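This is a predicted model, so every value here is computed, not measured.
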Amino acid sequence: MQTYLTKSGELVTKQGLIDEIQALLNNIAHRDSKLQQTYLNKDIMEVLEFSELESIRDNLLEKSSNHIESNKDWLLGLVDKKP
């Protein structure tokens, strides 16, 4: 099994990156109930280079992070405030 060292120092496999991309896409789809669950074709995704998969994953992580940041005040309002 071939592994790749990402720019952040993670040791990953293609399958691991593909699974993470699919999970991130489904997380985005879950937030927007109009979207269907995503199933990636593993054979097609395997053709991509590690760096391309890393870039896709990083862009999805950034999008997910931006969504959390934009809702930060609302999320923090859910925290129980103990006296």
Open item on the list: Please evaluate residues Tyr4 and Lys14 with respect to the criterion side chain to side chain contact (heavy atoms under 4.5 Å, CB included), reporting the C-alpha separation (whole Å), side-chain torsions for both, the decisive distance (0.1 Å), and the verdict.
Closed with: CA-CA 8 Å; Tyr4 172 76; Lys14 275 193 177 185; over 6 Å; no
- [ ] Take Leu61 and Glu20 through the test side chain to side chain contact (heavy atoms under 4.5 Å, CB included) and record every step on the way to the result.
- [x] CA-CA 10 Å; Leu61 282 170; Glu20 195 171 351; 4.3 Å; yes
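One distance of note links CD of Gln15 with OG1 of Thr3; it measures 14.5 Å at 0.5 Å rounding. We find the CG-CD distance between Leu40 and Gln22 to be 4.5 Å, quoted to the nearest 0.5 Å. How far CD1 of Ile18 is from CZ of Arg57: 12.5 Å, rounded to the nearest 0.5 Å. Summarising the geometry, atom CG belonging to Leu25 is positioned 12.5 Å from atom OH belonging to Tyr39; distances are rounded to the nearest 0.5 Å. Between atom CG of residue Leu53 and atom CG of residue Leu17 there is a gap of 5.5 Å, rounded to the nearest 0.5 Å.
A donor-acceptor pair is defined here as one N or O able to donate and one able to accept, closer than 3.5 Å; no such pair exists between the side chain of Asn26 and the backbone of Gln37. Remark: side-chain polar atoms of Asn59 are paired, donor with acceptor, to backbone N or O of Ser55 under 3.5 angstrom.
In this structure, the side chains of Leu24 and Lys63 stay at 4.5 Å or more apart for every pair of heavy atoms.
In terms of the side chain to side chain donor-acceptor pair (under 3.5 Å) criterion, Ser51 has no residue partners (sequence neighbours excluded). Partners of Ile56 under the side chain to side chain contact (heavy atoms under 4.5 Å, CB included) rule, at least two apart in sequence or in another chain, are Ile21, Leu48, Leu60.
Listed by first and then second residue, the salt bridge (Lys or Arg N to Asp or Glu O under 4.0 Å) pairs that reach into residues 37-56 are Asp19-Lys42, sequence neighbours excluded.
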